[in-house]
2 protein chains.
Amino acid sequence: MEKENELFGVKEIARRANVSTATVDRVLHNRTGVSEKTKAKINAIIKEMDYQPNILASRLASRKIISLAALLPDVSEETDFWAAPLNGIRRAEAEMRQYGVQVQVFLFDLNDKDSFAEQLKHILDGGFHGILVSPSFIEETRKFATECARRKIPYVFIDSDIPDLHSLSYIGPHLRKSGYVGAKLLTYRLEAEKKVLIINISKEIDNYNYLEIEDGFRAYFNDNNQQNEIVRIDIRETDYQSVARHLTYVFHLNKDIGAAFVTNSRVHTVASFLKNSHRTHVSLIGYDFVKENVGYLESNVIDFLICHRPDDQGYRGMMALYQTLVVNAPVTKQNYMPIDIVTKENYEFYQN
Amino acid sequence: MEKENELFGVKEIARRANVSTATVDRVLHNRTGVSEKTKAKINAIIKEMDYQPNILASRLASRKIISLAALLPDVSEETDFWAAPLNGIRRAEAEMRQYGVQVQVFLFDLNDKDSFAEQLKHILDGGFHGILVSPSFIEETRKFATECARRKIPYVFIDSDIPDLHSLSYIGPHLRKSGYVGAKLLTYRLEAEKKVLIINISKEIDNYNYLEIEDGFRAYFNDNNQQNEIVRIDIRETDYQSVARHLTYVFHLNKDIGAAFVTNSRVHTVASFLKNSHRTHVSLIGYDFVKENVGYLESNVIDFLICHRPDDQGYRGMMALYQTLVVNAPVTKQNYMPIDIVTKENYEFYQN
DNA sequence: TACCTTTACGGGCACGTGCCCGTAATCCAT
DNA sequence: ATGGATTACGGGCACGTGCCCGTAAAGGTA
């Protein structure tokens, strides 16, 4: 029944320090206008109380809205892979909106390096407080990162990392290990005398991802004394005709290929070829939960898909920015996603 | 430079309806004291504006703290499986705390039905606003659910479902499909003439989970014309000696067992037996990312573990309660978790 | 001393909602 | 008609923080 006279937060700090809340506020946001002496006193009290600001009240009182930008490849005819991260970003946006955070999404063309650079410029001009990027092109990203560092704008990478650029956080796969897992699945029931085919289909020359994955793939063969011969092919066109032509040639040269591994989401093109040429006995493994791939999973042409939760990548990437800018909490710098194995039997529950 | 005179939220509604904010508030929380006429008018305006209450302001203004309860099995010597959902619950708690939500965790002994009932009673006496339960025992849960329904307290189930009890939400695996996936992995490189062994190790007689999983397992064999003979064994003691004794017998009777499937996280006990009796050529698949199991995954005794993201289950379960009680948003009733496949090669990135 | 600038700080409103308390208006029974 | 109960509604403070504005005190210059 007694009146609780305890104050919380800023008011309590102010009471203990014999100052007004405004002064405490100045110290909290290290603004000028406080003498060193009172500043020290207030800081001591803050530390002693282990004061945690009330984010609700803070966001409510502050009319300034925090705006975040995200730069992703556009969904293309070839693949709707990037719909998933976008979806995760939207999910994050919905959560953050009520706390006064706005999100703007920028898209670029994966086959056009210039569009990437151009969008980055737009973003830098937009005065955003935090930025999420899928760093598809290394040099352009490097310039961008330098500029962000100068302006003290935090940025996170998703899907592929450029380790020396000191992003606030990386959220995506450990590509090398991912290739390693692919090799395990591929060889799990592979006969000893069969050959293995690695296929990379990509217009870009910037193939850091591919190299990492292949490296991991081969590492598995080494680590496990797997004796199968490995054949590799690079295909620089992504249309079906080109792919089919190259593959016809490879299969002609190598009669005893027992399994194929495609290093990205274009595995459905290979699946299509295998089906059309009546080679579905060849085990096939590739990447990403996109609808074309799932179709071939369903019809047993693709054996396994490896996925890295692209939806979650988008979500977590945005949340990392939120954590630093709004909650002011630390985030982990490396955030490797699980290497998920998707089959005909479990895909319906997969939450990409 | 002009003064923006737009009002937001409740004030704007009040202005348009020519009433005070207090009256609008009464309608929003459907409290008494508003005539039908003004109520209708206000509701119309709310709908027209598509008014979304500001949760920040709401939680800030309302001094009442929302308290949630969670009931889980205690971590036992046999398995630390339940540490994961608990961890997810803690994660959710950390997020919700700043919004005035408190979480209290209750634990029971999986081998003691009474402790389950007792804790449920405590929870009901605690006056919680929402409850998360791992419904291990059907009858006790049924009573509890009835009482909750009477008191209009929302409750969610995780890990296993009792479909007819109308929980707010179920978050956990589709057990039948999970068994189906187990069968796929088990047979993926199984020779045709080998036998398959299903092992259930559990003290409880309440084995709804087990039946569902086995049903799915067998369904795979049917659907795919898999001809292998299936042997099944129920072991009602969980200690190593008992398990070893039973297994010795089974393996004695069936010389040509090529693969074994354990329906729960006690697969490490079987792994131990296989290792000790030099039968590591037998493929072994079981459930859950617990450290004993991971150890045998590492040493190639267990081939695959199937997991259902127990951490996420705890997190999402609590968030479902938060969504209804705080945000007042609808939640999906069935929330089947992905059926994850964990191997020696990808476990280090698994985020249970 | 008179006046101006800078420093250091307090007062107090605003954010959008919850909810207590007060009161005019209406209804009902005597 | 009088009094009491009920209904329908408004006023206004509070939540914890951000930040504008005002001002006393200190310092500087002539």
Side-chain angles (χ1 to χ4, degrees), chain A residues 3-43 45-46 49 51-66 97-101 325-328, chain B residues 3-43 45-46 49-66 97-101 129 325-328:
Chain A
K3 195 181 163 200
E4 291 277 2
N5 233 343
E6 287 182 50
L7 296 175
F8 290 112
V10 178
K11 280 185 196 161
E12 174 64 10
I13 298 173
R15 192 188 61 81
R16 295 201 200 182
N18 261 323
V19 296
S20 75
T21 60
T23 301
V24 175
D25 189 72
R26 277 183 270 263
V27 173
L28 282 172
H29 298 84
N30 42 314
R31 279 188 283 251
T32 59
V34 186
S35 69
E36 283 304 322
K37 205 165 60 175
T38 51
K39 189 180 200 167
K41 190 205 273 185
I42 290 173
N43 272 325
I45 294 175
I46 288 174
M49 286 176 60
Y51 167 72
Q52 302 290 100
N54 183 324
I55 304 174
L56 266 77
S58 168
R59 294 303 310 155
L60 181 62
S62 149
R63 251 143 311 180
K64 104 161 91 91
I65 48 179
I66 290 178
R97 183 167 29 228
Q98 46 186 276
Y99 306 126
V101 181
L325 291 168
V326 179
V327 185
N328 199 19
Chain B
K3 196 181 163 202
E4 291 277 4
N5 232 344
E6 286 183 53
L7 296 174
F8 289 113
V10 178
K11 280 185 195 162
E12 174 64 11
I13 298 173
R15 193 188 61 80
R16 296 200 200 182
N18 261 320
V19 295
S20 75
T21 60
T23 301
V24 175
D25 191 71
R26 277 182 271 264
V27 173
L28 281 172
H29 298 85
N30 44 314
R31 279 188 283 251
T32 59
V34 187
S35 69
E36 284 303 321
K37 204 164 61 177
T38 51
K39 189 179 201 167
K41 189 204 277 183
I42 290 173
N43 272 324
I45 294 174
I46 289 174
M49 287 177 58
D50 187 29
Y51 166 73
Q52 302 289 100
N54 183 324
I55 304 175
L56 266 77
S58 169
R59 292 306 308 155
L60 181 62
S62 147
R63 250 142 313 178
K64 102 161 98 87
I65 47 178
I66 289 179
R97 183 166 26 227
Q98 47 186 271
Y99 307 125
V101 180
H129 301 89
L325 292 168
V326 179
V327 185
N328 199 20

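Just so it is clear: chains get the letters A, B, ... in the order the sequence lines come, proteins before strands, and each one is counted from 1. Because the structure is predicted, anything quoted here is derived from the model rather than measured.
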Which value, rounded to the nearest 0.5 Å, describes the distance between [X] atom [atom1] and [Y] atom [atom2]?
| X | Y | atom1 | atom2 | result |
| --- | --- | --- | --- | --- |
| A:Leu56 | B:Asn54 | CG | CG | 8.5 Å |
| B:Lys64 | B:Arg59 | NZ | CZ | 7.5 Å |
| B:Leu60 | A:Ile55 | CG | CD1 | 12.5 Å |
| B:Lys39 | B:Thr32 | NZ | OG1 | 9.0 Å |
| B:Arg16 | B:Ile42 | CZ | CD1 | 13.0 Å |

d([atom1], [X]; [atom2], [N]) in whole Å:
| X | N | atom1 | atom2 | answer |
| --- | --- | --- | --- | --- |
| A:Arg15 | C:dG10 | CZ | P | 15 Å |
| B:Tyr99 | C:dT17 | OH | C1' | 16 Å |
| A:Ile65 | D:dG18 | CD1 | C1' | 16 Å |
| B:Arg26 | D:dC9 | CZ | C1' | 6 Å |
| A:Ile42 | C:dA8 | CD1 | P | 12 Å |
| B:Asn328 | C:dT17 | CG | P | 14 Å |
| B:Lys64 | C:dT17 | NZ | P | 16 Å |
| B:Asn30 | C:dG18 | CG | C1' | 15 Å |

Side chains of [X] and [Y]: does their closest heavy-atom pair fall under 4.5 Å?
| X | Y | result |
| --- | --- | --- |
| A:Thr38 | A:Val27 | no |
| A:Asp25 | A:Arg31 | yes |
| B:Ile45 | B:Tyr51 | no |

- Taking the side chain of B:Asn54 as its heavy atoms from C-beta onward, which of D:dT17, C:dG16, C:dG10 lies nearest to it?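 Minimum distance to the B:Asn54 side chain belongs to C:dG16.
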- Task: Select one nucleotide: of D:dT17, C:dT17, D:dC9, the one nearest the side-chain heavy atoms of A:Tyr51.
- Result: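 Within the option list, the nearest is D:dT17.
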side-chain N/O [X] vs [N] OP1/OP2, d < 4.0 Å:
| X | N | value |
| --- | --- | --- |
| B:His29 | C:dC19 | no |
| A:Arg31 | D:dC19 | yes |
| A:Thr38 | C:dC9 | yes |
| A:Ser58 | D:dG18 | yes |
| B:Ser35 | D:dT7 | no |
| A:Thr23 | C:dG10 | yes |

- Item | First encountered from the 5' end of DNA chain C, between B:Leu56 and B:Thr21 |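 Nearest-nucleotide comparison on DNA chain C picks B:Leu56.
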- Message: Let me spell it out: for each of B:Lys39 and A:Leu28, pick the nucleotide of DNA chain D with the closest heavy atom. Which residue's pick is nearer the 5' end?
- Response: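 Its nearest nucleotide being more 5', the pick is B:Lys39.
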- Starting at the 5' end of DNA chain D and moving along, which residue's nearest nucleotide shows up first, A:Arg59 or B:Asn18?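 By nearest-heavy-atom nucleotide position, the 5'-most residue is B:Asn18.
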Scan nucleotides 13-15 of chain C against the protein and return all N/O pairs shorter than 3.5 Å with their distances rounded to 0.1 Å.
from, atom 1, to, atom 2, distance (Å)
C:dC15, O2, A:Ala61, N, 3.3

